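Structure first, then comments.
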There are 2 protein chains.
Amino acid sequence: MRQRSPETWRQIRDSAVGLMAARGFDAVSVEDIVAAAGISRRTYFNYFAGKESVLFDPDPEDPRLWAELIAARPPGEPLWTALHQLIREYTTATAERVIRQRLVLRASPELADCSRNVCDRFWDAIREWASERDAGPTELQLDLLINTARTVLNTVLPRWDVDTGIAGLHRLIDEGFTLLQSPEWTTS
Amino acid sequence: MRQRSPETWRQIRDSAVGLMAARGFDAVSVEDIVAAAGISRRTYFNYFAGKESVLFDPDPEDPRLWAELIAARPPGEPLWTALHQLIREYTTATAERVIRQRLVLRASPELADCSRNVCDRFWDAIREWASERDAGPTELQLDLLINTARTVLNTVLPRWDVDTGIAGLHRLIDEGFTLLQSPEWTTS
DNA sequence: TTCTAACTTGCACTCAGTGCACGCCGCGCT
DNA sequence: AGCGCGGCGTGCACTGAGTGCAAGTTAGAA
């Protein structure tokens, strides 16, 4: 998808998310979205590869944000801690979007077992950074660590009561990360 | 999907998997599948909710198998160990299917980031069993543990060279489970 | 035989997604 | 002004996934 203007991109996304939060994912057609956004059907597909993409594609500004957050990590920090902090800071920085996406999912039971979320491409950026930062661990170890962190987030998100805000989400994230690094977590 | 005869179910699945392993997922239409299976288009959708379902829905016999494997777990066994053994034994019992599904994915780059796999519904059965077996841990702890095990499998599967057979897969699974239960895994 | 229930099928329809060609507009060049 | 060009939006026509409905088949019970 060649993306032209970020303004149009956000206009489409905002229209879509608004409709979907109100009616649910399935009850909104691409036709509805483009009507609300004031563009043509064909233009929609120039910006988004499919109907789900409008929910899960990263904002055009996101790669810049990821780079900043990653660059701010102190050298020598354990990877697990870095992942924990990164996901905390990312959800803080994009709080409204995280909440709005959650509202759509809450209104769309048909996406219940969809494991995608706002951060999907973020993990790719993290993986790249981690694999050139740490010479020690194998690729498999890195992937396991990162995917486990991702799992913490994915496990916690559905349990999150959106009304408690980002603070409520952070409490769950902290709980998850802490649980998994406690020494006895595998012996319950 | 009300499933009528297991024979028809497997006939459709076998036709689909065969074609997809040869041509790739996208290059096979439902039309192709039903032609190969000798049934009508409409019947296909009586058995499978979509095109992906034919790859990821559990075999009609699977729930029975799950129940057997789960029932065989010794009482008092740590949950992490149980998960490790269950996934080992399940992949052993369904080896050909695991391999065939992998062959399809290998031929279908378009499914590269699809995290679904043969075992998806198995985890649900496990979760149910675990939550009534262990009174101790919270729902969140159980979900974290189970989802982490699932992550081990999902991380390891794409790295698995199908030609090494199920033994090769087991080596990777063991490596993953062992890594995560080593005490220093979060401090790398 | 007749009724019935399980199963299969054809038909018609909606909607997602794509290839292609065309149109608009702002830009720099002469 | 006239020209060409490139970025972007759009219309159109087409393939293929997925669904509701009503009719057909078949095996077995009554």
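All chains are named by letter (A, B, ...) in the order of the sequence lines, taking the proteins before the strands, and each is independently numbered beginning at 1. Given the structure is predicted, the values throughout are model-derived calculations rather than measurements.
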Which atom pairs, donor and acceptor, lie under 3.5 Å between side-chain atoms of residues 72-79 of chain B and protein residues at least two apart or in another chain?
from	atom 1	to	atom 2	distance (Å)
B/Arg73	NH1	B/Glu77	OE1	3.2
B/Arg73	NH1	B/Glu77	OE2	2.8
B/Arg73	NH2	B/Glu89	OE2	2.8

Integer-rounded Å distance: [N] [atom2] and [X] [atom1]:
{"X": "A/Ile39", "N": "C/dG23", "atom1": "CD1", "atom2": "P", "result": "21 Å"}
{"X": "B/Phe48", "N": "D/dA17", "atom1": "CZ", "atom2": "P", "result": "15 Å"}
{"X": "A/Trp9", "N": "D/dC8", "atom1": "CH2", "atom2": "C1'", "result": "18 Å"}
{"X": "B/Gln11", "N": "C/dC7", "atom1": "CD", "atom2": "C1'", "result": "14 Å"}
{"X": "A/Glu110", "N": "D/dT19", "atom1": "CD", "atom2": "P", "result": "12 Å"}
{"X": "B/Asn46", "N": "C/dC7", "atom1": "CG", "atom2": "P", "result": "10 Å"}

With a 4.0 Å limit, can you tell me whether [X] has a side-chain N or O closer than that to the phosphate oxygens OP1/OP2 of [N]?
{"X": "A/Ser40", "N": "D/dT10", "value": "yes"}
{"X": "A/Tyr44", "N": "C/dA16", "value": "no"}
{"X": "B/Thr43", "N": "C/dG10", "value": "no"}
{"X": "A/Tyr47", "N": "D/dG9", "value": "yes"}

Set of residues satisfying side chain to side chain contact (heavy atoms under 4.5 Å, CB included) with respect to [X], sequence neighbours excluded:
{"X": "B/Gln101", "result": "B/Leu55, B/Phe56, B/Asn117, B/Val118"}
{"X": "B/Asp26", "result": "B/Glu110"}
{"X": "A/Ala149", "result": "A/Trp80, A/Leu83, A/Trp123, A/Phe177"}
{"X": "A/Thr178", "result": "A/Gln181"}

Q. Atom CG of A/Leu142 and atom CD of A/Glu128: how far apart are they, to the nearest 0.5 Å?
A.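 Between atom CG of A/Leu142 and atom CD of A/Glu128 there are 12.5 Å.
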Residues 63-71 of chain A side chain polar contacts: donor-acceptor under 3.5 Å, at least two apart:
from	atom 1	to	atom 2	distance (Å)
A/Arg64	NE	A/Glu61	OE1	2.9
A/Arg64	NH2	A/Glu61	OE1	3.4

Q) What residues in residues 19-38 of chain B put a non-hydrogen atom under 4.0 Å from any atom of DNA chain D? A)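 Output list: B/Ser29, B/Val30.
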Q.
Using the rule ring pair (Phe, Tyr, Trp, His ring centres under 6.0 Å), only one of A/Tyr47, A/Phe48, A/Tyr44 pairs with A/Trp9; which is it?
A.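 Among A/Tyr47, A/Phe48, A/Tyr44, the one that satisfies the ring pair (Phe, Tyr, Trp, His ring centres under 6.0 Å) with A/Trp9 is A/Phe48.
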Q. Under the 3.5 Å rule, do the base of D/dG18 and the side chain of B/Arg41 count as making a donor-acceptor pair?
A.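 Between D/dG18 and B/Arg41, which were checked side chain against base, a qualifying N/O pair under 3.5 Å is present.
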Pairs under 3.5 Å (N/O, protein and nucleotides 20-22 of chain D):
from	atom 1	to	atom 2	distance (Å)
D/dG20	N7	B/Arg42	NH2	2.8
D/dG20	O6	B/Arg42	NE	2.5

Q. Is there any salt bridge (charged side-chain N to carboxylate O under 4.0 Å, His left out) pair reaching into residues 141-154 of chain B, and which pairs are they, with sequence neighbours excluded?
A.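 Qualifying pairs: A/Arg159-B/Asp143, B/Asp120-B/Arg150, B/Arg127-B/Asp143.
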Q: Among C/dG17, C/dT8, D/dG18, find the nucleotide with the atom closest to the side chain of A/Phe45.
A: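 Comparing C/dG17, C/dT8, D/dG18 against the side chain of A/Phe45, the answer is C/dG17.
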